Amino acid sequence: MRIIVFGANGPTGRLLTGQALDAGHDVVAVTRRPADFPLAHDRLTVFEGDVLHQDSVDTAVAGGDVVLSVLGVPFGKAEITTYSAGVGNIVTAMRKHRVRRIAVVSSSAVDLRPYSDAGFLFNRVVQPYIARVLGRTLYDDMRRMEALLRATELDWTIVRPSGLFELPAVTEYTMVAGHADSRFTARVDLAASLLRLAETEGLFVRDTVAVVTTADNPSILQLIRSEALGKS
């Protein structure tokens, strides 16, 4: 297939691009900073584009079979529109070029639920603070993105990982419709799940899925140190 990856230069996007190339697909890696993209391959096109510019998105999507969005935006107090506006442009381009299959990364934080193994502090303090204060503008835009996609006629899948962390190789991750009672998702597993959705006809079409990693999970402190503070 020819797979179009938006957000290709982020941590998950790079993993996804590599996995898709290893699986034998042609990949268009869309990034605003092509000079920084670390991968090279004869089946890889590194496309300088911006998901917020319709003409750029149209050019990237043309000739594609599947679109995978791993857009990422940091937390901030200002209004965020990258997810909803970007996916809106992608949908317009997909309709124009008659591409039907799309999977987008959202977050489990858009639909807060307690975790059975998390305890009072995480469920009642940490998770609500991240979702409703620190990441409020980001998750609000993810909700807009999800609503926009659900209203389309496309073959969409919304993927909601939990707390993202690093592992060296794909595990026997879990992907289920709806909510999964687990707090962590390795980026390499998230990438693998997106590629699986692209490759498997009819898998979780027009559905929202959770992707979770059940092996080698970090502690909450380790996750905060590595993800929020940039420490190992």
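Residue numbers start at 1 and run along the sequence shown. This is a predicted model, so every value here is computed, not measured.
- Using a 4.5 Å heavy-atom threshold, the side chains of Y83 and V73 count as touching.
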Stepwise side chain to side chain contact (heavy atoms under 4.5 Å, CB included) test for L154 and M94: CA-CA 9 Å; L154 301 176; M94 291 178 67; 4.0 Å; yes
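- Without hydrogens or angle criteria, T185 side chain to L164 main chain gives no donor-acceptor distance under 3.5 Å.
- For the atom pair S69 OG and L194 CG, the distance stands at 9.0 Å (nearest 0.5 Å).
- Atom CD of E153 is surrounded by more than 12 heavy atoms from other residues, nucleotides or ligands within 6.0 Å.
- Listed for the E166 side chain is no donor-acceptor partner under 3.5 Å among the backbone atoms of V188.
- Between L167 atom CG and L15 atom CG the span is 10.5 Å, to the nearest 0.5 Å.
- Atom-to-atom distance recorded for L71:CG and M145:CE is 8.0 Å, nearest 0.5 angstrom.
- The two residues A177 and D207 make their nearest non-hydrogen contact at CB-OD2, 3.6 Å.
- Residues L149 and V104 are in side-chain contact: their nearest non-hydrogen atoms beyond the backbone lie under 4.5 Å apart.
- Side-chain contact between R132 and Y139 is absent, with no heavy-atom pair separated by less than 4.5 Å.
- Remark: R136 engages D140 in a salt bridge, criterion side-chain N to carboxylate O under 4.0 Å.
- Residues R100 and D155 are paired through a salt bridge, judged by an N-O separation under 4.0 Å between the basic side chain and the carboxylate.
- Taking every heavy atom of both residues into account, A20 and V27 meet most closely at CB-CG2, 3.6 Å.
- Looking only at distances, no side-chain donor or acceptor of S56 sits under 3.5 Å from a matching main-chain atom of L52.
- With a 4.5 Å cut-off on side-chain heavy atoms, M175 and L197 count as touching.
- One finds the CZ atom of R95 at 6.0 Å from the OG1 atom of T152 (value rounded to the nearest 0.5 Å).
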Side chain to side chain contact (heavy atoms under 4.5 Å, CB included) assessment of V46 paired with T31: CA-CA 7 Å; V46 181; T31 172; 4.0 Å; yes
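- With hydrogens and angles disregarded, a donor-acceptor distance shorter than 3.5 Å links the side chain of H97 to the backbone of D58.
- Criterion: ILVMFWY side-chain heavy atoms under 4.5 Å apart, direct or through other members. Under it, L134 and L112 are not part of a common hydrophobic cluster.
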Side chain to side chain contact (heavy atoms under 4.5 Å, CB included) between I90 and I102, worked out: CA-CA 9 Å; I90 291 170; I102 179 172; 3.8 Å; yes
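- Checked by atom type and distance alone, the side chain of H25 never pairs as donor or acceptor with a backbone atom of R2 at under 3.5 Å.
- Following chains of ILVMFWY side-chain contacts shorter than 4.5 Å, one cannot reach Y173 starting from V176, and the two form parts of different hydrophobic clusters.
- When side chains are defined from C-beta on, F47 does not count as touching P34, because their heavy atoms never get closer than 4.5 Å.
- The shortest distance between side-chain heavy atoms of L203 and R196 falls below 4.5 Å.
- The hydrophobic clustering, which links ILVMFWY residues whose side-chain heavy atoms are closer than 4.5 Å, places V110 and V212 apart.
- Formation of a donor-acceptor pair under 3.5 Å by the T92 side chain with backbone atoms of G88 is found in this model.
- Between T213 and F165, the closest side-chain pair of non-hydrogen atoms falls below 4.5 Å.
- Taking the side chain as every heavy atom from C-beta outward, W156 and V205 never approach each other to under 4.5 Å.
- Between the side chains of R101 and T157, at least one donor N or O lies within less than 3.5 Å of an accepting N or O.
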Residue pair R160, S107: steps toward the side chain to side chain contact (heavy atoms under 4.5 Å, CB included) verdict: CA-CA 4 Å; R160 290 177 175 173; S107 171; 5.8 Å; no
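- To the nearest 0.5 angstrom, D65 atom CG is 8.0 Å from I3 atom CD1.
- No more than 12 heavy atoms of other residues, nucleotides or ligands shown are found within 6.0 angstrom of CZ on R32.
- Closest heavy-atom contact between L21 and H41: CD1-CB, 3.9 Å.
- Here the closest heavy-atom approach between residue V70 and residue G7 is recorded as CG2-O, 3.4 Å.
- Between S84 and D141, the side chains place a donor N or O and an acceptor N or O closer than 3.5 Å (distance only, hydrogens not considered).
- Rounding to the nearest 0.5 Å places CG of L68 at 9.5 Å from OG of S193.
- Side chain to side chain, S106 and E146 meet the donor-acceptor criterion of an N or O pair below 3.5 Å.
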